[in-house]
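Working notes, beginning with the structure itself.
No experiment lies behind these values; they were computed from the predicted model shown. Chain letters run A, B, ... following the sequence lines, proteins first and then strands; every chain starts at 1.
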2 protein chains.
Amino acid sequence: MGATVTSRALDILGAFDGEHRSLSLTDLARRAGLPLATAHRLVGELHRWGALAREPTGEYVIGRRIWQLGLLAPVQSGLRQAASPFLHDLYGTTLATVHLAVRDGLEVLYVERLAGHVSVPVVSRVGSRLPMHATGVGKVLLAYAPEEVRLEVLANLTRVTAYTVTQPARLLEQLRRVRAEGYATTGEEMSLGACSVAVPVRNGDVVVAALGMVVPDLRRQLPRLVSALQVAAHGISRTLAGTSVQWK
Amino acid sequence: MGATVTSRALDILGAFDGEHRSLSLTDLARRAGLPLATAHRLVGELHRWGALAREPTGEYVIGRRIWQLGLLAPVQSGLRQAASPFLHDLYGTTLATVHLAVRDGLEVLYVERLAGHVSVPVVSRVGSRLPMHATGVGKVLLAYAPEEVRLEVLANLTRVTAYTVTQPARLLEQLRRVRAEGYATTGEEMSLGACSVAVPVRNGDVVVAALGMVVPDLRRQLPRLVSALQVAAHGISRTLAGTSVQWK
DNA sequence: AAAGTTCTTCCACTGAACGGAAGGGGTGGG
DNA sequence: CCCACCCCTTCCGTTCAGTGGAAGAACTTT
């Protein structure tokens with residue numbers, strides 16, 4: 001358990017999340033489960049280094065140095081940069097909300113997002129996580145994930161909306177089709193009024209990310225969207241293969 | 001001196017930079033100035049938490065969790081998001097490389113950048129730092145910086161190109177004009193063949209960032225560029241004032 | 001003015017961090 | 001094949017940095 005100094009410092013950083021972007025010392029101590037005096041010292045060190053910054057209000061926020069470090073992460077520097085122009089093109093031609101996501105453990109992690117102005121209800125945010133079985137990008141990533149991951153996810157299909165697929169057998173069948181046809185779809189399985197299509201992005205033979213799109217309705221334009229997605233995905237793959245940079 | 005556990009762990013993270021995005025354990029130990037065994041333990045903890053990830057090669061890279069934390073930083077979540085649409089507009093109408101930067105200590109920190117396809121030699125990258133006296137955004141930020149910062153910067157005007165302003169008196173005069181006229185310019189002071197214009201971005205009365213543009217030549221279109229920049233800057237200010245979110 | 005807050009400082013005790021040393025594992029070259 | 005080299009991992013007795021209760025400062029609220 002978290003008894004080492006380092007893990008405690010990290011727990012303090014971990015106290016921040018999307019809903020808690022600025023926290024007082026006392027909050028930090030509480031959320032990290034540390035005595036106030038201990039938190040005070042650790043926070044002081046983090047602040048001195050630049051991992052935390054202080055707002056005019058006296059509350060702490062994540063510092064610029066962490067932000068800069070984050071820019072060096074492989075998701076950011078490799079995948080994201082390779083994908084960026086293609087995402088813009090995609091958005092330009094379809095005007096739908098466009099997503100790039102990777103698998104992180106048993107969840108989908110959104111790496112990039114271009115949102116349309118008049119958009120369908122979209123839950124994701126860059127940096128946020130969603131369950132794999134209820135999203136288009138999630139199904140793609142799950143279809144190509146290692147067996148063990150698939151089993152663990154299948155064992156725990158939580159319901160999100162009335163349309164969420166919660167029967168393992170049905171999802172397995174869908175995943176088979178994803179592999180066969182090269183794309184995945186969802187229909188209001190994550191949020192009502194939102195459908196999605198997604199395709200895999202490869203680096204060599206390995207599926208490293210998924211590229212997806214959220215629209216109010218799929219029926220009419222599915223083939224067109226799938227091919228637009230596939231064009232973009234191929235473009236990204238080619239860029240990735242070109243840059244011999246590390247990225248994962 | 002770096003003697004506390006926390007600072008050592010942070011030094012390990014600090015070993016990464018733009019040129020060193022993936023490092024072996026031994027490299028990390030060397031760069032952080034730590035005994036191998038110590039580095040090994042700390043790296044293990046950072047890895048377990050998700051601050052570091054491991055490439056297939058065995059080298060370490062910045063992990064996704066740090067990347068996610070970085071997205072929570074005020075630069076990112078407040079300023080950057082508020083500015084994003086305006087930067088796109090600016091880029092759309094001028095097709096020049098567009099920059100958003102803040103002051104970090106005695107340097108300029110680039111927060112966002114939209115690069116043109118056929119672009120002039122531009123040195124900056126998102127997350128990188130440049131000297132204040134040789135860049136357009138830097139001069140803006142310096143013009144509105146606290147007296148003490150200005151003095152320290154003026155005392156150390158390093159030459160970058162033949163055109164870099166290195167005389168304190170001359171720079172001071174330029175800064176006065178920046179405040180009077182509301183924009184700053186440079187002419188090949190950072191890299192040959194590149195000129196720039198920049199304007200301040202305010203939140204309330206406080207100058208919190210600078211918005212700049214890099215072009216091959218200024219003479220002809222200066223007024224047009226300045227007004228485009230100012231429109232965008234005002235838009236950003238209004239957005240910032242609107243969101244009562246913290247940001248700095 | 002009293003009773004809350006939250007933040008900061010202090011310091012004696014103690015157990016977590018330290019790091020030298022030894023042991024695996026891979027690679028290369030003689 | 002064996003030895004030299006490099007990088008990584010584990011071990012363990014010593015010691016020094018981290019700990020956290022407590023006291024008090026600085027503010028706010030009642």
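The listed nucleotides are C:dC7, D:dT19, D:dT10; the one nearest the side chain of A:Thr26 is C:dC7. The listed nucleotides are D:dC8, D:dT10, D:dT19; the one nearest the side chain of B:Arg54 is D:dC8. The side chain of B:Leu42 lies closest to C:dC18 when the candidates are D:dT19, C:dC18, D:dT10. Candidate nucleotides C:dT8, D:dG18, D:dG20 were compared by shortest atom distance to the side chain of B:Thr4, and D:dG18 ranks first. Of the candidates C:dC7, D:dC8, C:dG19, the closest approach to any side-chain atom of A:Leu36 belongs to C:dC7. Of the candidates C:dC18, D:dC8, D:dG20, the closest approach to any side-chain atom of B:Leu25 belongs to D:dC8. Checking D:dC8, D:dG18, C:dT9 against every side-chain atom of B:Ser24, the shortest atom distance belongs to D:dC8. Proximity note for A:Ala37 (side chain, C-beta onward) versus C:dA21, C:dA16, C:dC10: the nearest is C:dC10. Nearest nucleotide to the side chain of A:Val5, out of D:dT9, C:dC18, C:dA17: C:dA17.
To the nearest angstrom, P of D:dC27 lies 17 Å from CD of A:Glu59. Rounded to a whole Å, the CD atom of A:Glu45 is 14 Å from the C1' atom of C:dA17. To the nearest angstrom, C1' of D:dC7 lies 17 Å from CG of B:Leu34. As rounded to whole Å, 13 Å separates atom P of D:dG18 from atom CG of A:Leu46. Look at CZ on B:Arg30: it is 17 Å from C1' on C:dG19, rounded to the nearest Å. Rounded to a whole Å, the CD atom of A:Glu55 is 14 Å from the P atom of C:dC7.
Between D:dC8 and B:His40, no contact under 4.0 Å exists linking OP1 or OP2 to a side-chain N or O. OP1 or OP2 of C:dG19 lies within a sub-4.0 Å distance of a side-chain N or O belonging to B:Arg8. The shortest distance between the side-chain N/O atoms of A:Arg41 and the OP1/OP2 oxygens of D:dG18 is not below 4.0 Å.
The backbone N or O of A:Ser124 sits less than 3.5 Å from a side-chain atom of A:Arg113, completing a donor-acceptor pair. A distance-only check finds no donor-acceptor pair linking the side chain of A:Arg30 to the backbone of A:Ala32 [under 3.5 Å]. Put simply, the side chain of B:Arg150 gets close to the backbone of B:Ala145: a donor and an acceptor are under 3.5 Å apart.
Taking the ring centre of A:Tyr144 as origin, the terminal cationic atom of A:Arg202 falls inside the region bounded by 6.0 Å and 45° from the ring axis. A cation-pi arrangement is absent between A:Arg31 and A:Phe16 under the rule of less than 6.0 angstrom and at most 45 degrees off the ring axis.
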